[in-house]
Number of protein chains: 2
Amino acid sequence: MTSPQTASPQTAGAAPRTTLTRARVLESAVALADRDGLGALTMRSLAKELGIEAMSLYHHVANKEDLLDGVVDLVAAEIQDAVAALEPLPADAPPSAWKPAMRRQILTARSVLLRHPWAPTVLETRKSFSLHVVRYFDSLLALMRRGGFSYDLVHHAMHALGSRALGFSQELFEPDGAAAGSAAGGLPEAGAEDETVAMLEQMAEQVPHLVEMLAEVAHEQPGSTLGWCDDQTEFEFGLDLLLDGLDRLAADGRR
Amino acid sequence: MTSPQTASPQTAGAAPRTTLTRARVLESAVALADRDGLGALTMRSLAKELGIEAMSLYHHVANKEDLLDGVVDLVAAEIQDAVAALEPLPADAPPSAWKPAMRRQILTARSVLLRHPWAPTVLETRKSFSLHVVRYFDSLLALMRRGGFSYDLVHHAMHALGSRALGFSQELFEPDGAAAGSAAGGLPEAGAEDETVAMLEQMAEQVPHLVEMLAEVAHEQPGSTLGWCDDQTEFEFGLDLLLDGLDRLAADGRR
DNA sequence: ACGTAAGGCTTACGCCGTAAGTCTCCTCCG
DNA sequence: CGGAGGAGACTTACGGCGTAAGCCTTACGT
């Protein structure tokens, strides 16, 4: 793997070291977190794991946030691989096939996350989604579209499922914080959100359904550019979905 | 509020300072987190807020974890107060009244949490629930029981609602981590879990439904003392509840 | 009146992330 | 083939964190 094979005996002539790449750093970080927990993942301990000094890591990651971004992306890629290995829906499947297919994808994602129990926590703290995560979401949207969902319903559905869609049960879309913070505003504000928009548009072909949904949902709500949805409405939608379902089960019991 | 009213002029004769109590420390911590965010809540900054030195805080809280425990408890108490202010269910309400009543409680809890956006994050990291949180849960259980739920269904329901029951959308019961860790075991193991059991039994009269539910659910699952439930089963239960509900909505659209 | 302990303060330690600077090769170009 | 340049390691150091350990004052109970 070294560029030429002159392994550079160095002073003492230790192993070639394979020169260390960002990929190797991220893989080590995942392994370390898997083994010793998220708390054990520090720049110093990761460096020790790799046999280098802490500061050397900064040649491959910008800072710790970037490291965590990369680590999440790696796990998301693992999920995507697992999902891609499933049999695809046959082209002539009926609309109702969306449900078992989606169930399978979500449980597959979950099986991967069970190997990285710390990942949800990290995922939650990211400011923007990794490409792999977004693509995975897009595949779920595609399934719902085939089930005959309007984009509006798809949108509510993603909120209701929340992070369950990724195989665990924490909320990905920020719980309340940021939305509450910018609730007063409403217009562009030219901040990091614009970058998000630009990024999304740029990967339009990679995540067609997502982009289309955003376009549709965005312009039917007057005040919101990407703020982006009414958290209260979404919360109540998901809540009612659950309460209604539970009530049905309870009513069966009462009968 | 000082024991006698001799306000102790001290050396320079500043304000009486009301002597500082655990309650005042916790209230300040909540205020600080509300104002500057969770990241700004450090022992040093909290001390500065109170006009004392960091180490002095340790006379009122055991350590930072204990501080956070207390802060969560304070927020939970605020939720309980808000819920208690709602009109109680009339004694002759029909079973079906559980649903709107529960909805109201949950949305009330949410309205409190919107004032403390950092609280869910902290709540999630607690090792055990505060008394106020547990009592709030018990009140939800009580409503479901009046709706004719079996304890088994109540149990599934709490998992499915997850932290939505507290007004936000993150999972309270640990996502996967601890359960996966002790999956191999199964029997008592005489660790912190025993303390939890003892504590729960001790407050049996404060949270009757919860205790009863635990008793019932526990002995019908062979391998688990308080490990405590099959996460996979609960995950699938909640997932199916949502998928079924969504499918119903989508089918309406298709029609 | 005095012992005592509650509740402040000071100092110091070992972690953390990371800014800044240095040294040592490898690679590429003339 | 020789020297420039840069990539990628290392060293040192800083400020912030939680908190262990110890000191000093003050107020209260006896």
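In what follows, chains are A, B, ... by sequence order, proteins preceding strands, each numbered from 1.
Phosphate contact (OP1/OP2 of D/dC17, side-chain N/O of B/Arg44, threshold under 4.0 Å): present. In terms of phosphate contacts, A/His60 brings no side-chain nitrogen or oxygen within less than 4.0 Å of OP1 or OP2 of D/dA7. Look at B/Ser56 and you won't find any side-chain N or O under 4.0 angstrom from OP1 or OP2 of C/dG7.
Put simply, CZ on B/Arg22 is 17 Å from C1' on C/dA6, counting in whole angstrom units. One can place CG of A/Leu20 at 17 Å from C1' of C/dT24, the figure rounded to the nearest angstrom. Protein atom NE2 of A/His59 is 12 Å distant from nucleotide atom C1' of C/dC23, rounded to whole Å. If you take NZ of A/Lys64 and C1' of D/dC17, they are 13 Å apart, rounded to a whole angstrom. What separates CG of B/Leu46 from P of D/dG16 is a distance of 17 Å, to the nearest Å. As a whole-Å value, the separation of B/Leu50 CG from C/dC9 C1' is 15 Å. A straight line from CD of B/Glu65 to P of D/dC17 spans 17 Å, rounded to a whole angstrom. Computed from coordinates, the B/Leu57 CG to C/dA6 C1' distance equals 15 Å when rounded to whole Å.
A donor atom on one side chain and an acceptor atom on the other are found under 3.5 Å apart for B/His116 and B/Glu78. For the residue pair A/Ser45 and A/Thr42, a side-chain donor N or O sits within less than 3.5 Å of a side-chain acceptor on the partner.
Distance from the side chain of B/Tyr58 is smallest for D/dT19 among the nucleotides D/dT19, C/dG8, D/dA9. In the set D/dT19, D/dT11, C/dG17, D/dT11 carries the atom at the smallest distance from any side-chain atom of A/Glu53. Comparing C/dT18, C/dT10, D/dG18 by their nearest atom to the side chain of A/Met43 picks out C/dT18.
Between A/Ala119 and A/Leu113, the shortest heavy-atom contact is CB-CD2, 3.8 Å.
Looking at which nucleotide of DNA chain C each of A/Met55 and A/Ala40 is closest to, the 5′-most match is held by A/Ala40.
The pair B/Arg35-B/Glu49 counts as a salt bridge, with a side-chain nitrogen and a carboxylate oxygen less than 4.0 angstrom apart. A salt bridge does not link A/Arg115 with A/Asp34: every distance from a Lys NZ or Arg NE/NH1/NH2 to an Asp or Glu carboxylate oxygen is 4.0 Å or more.
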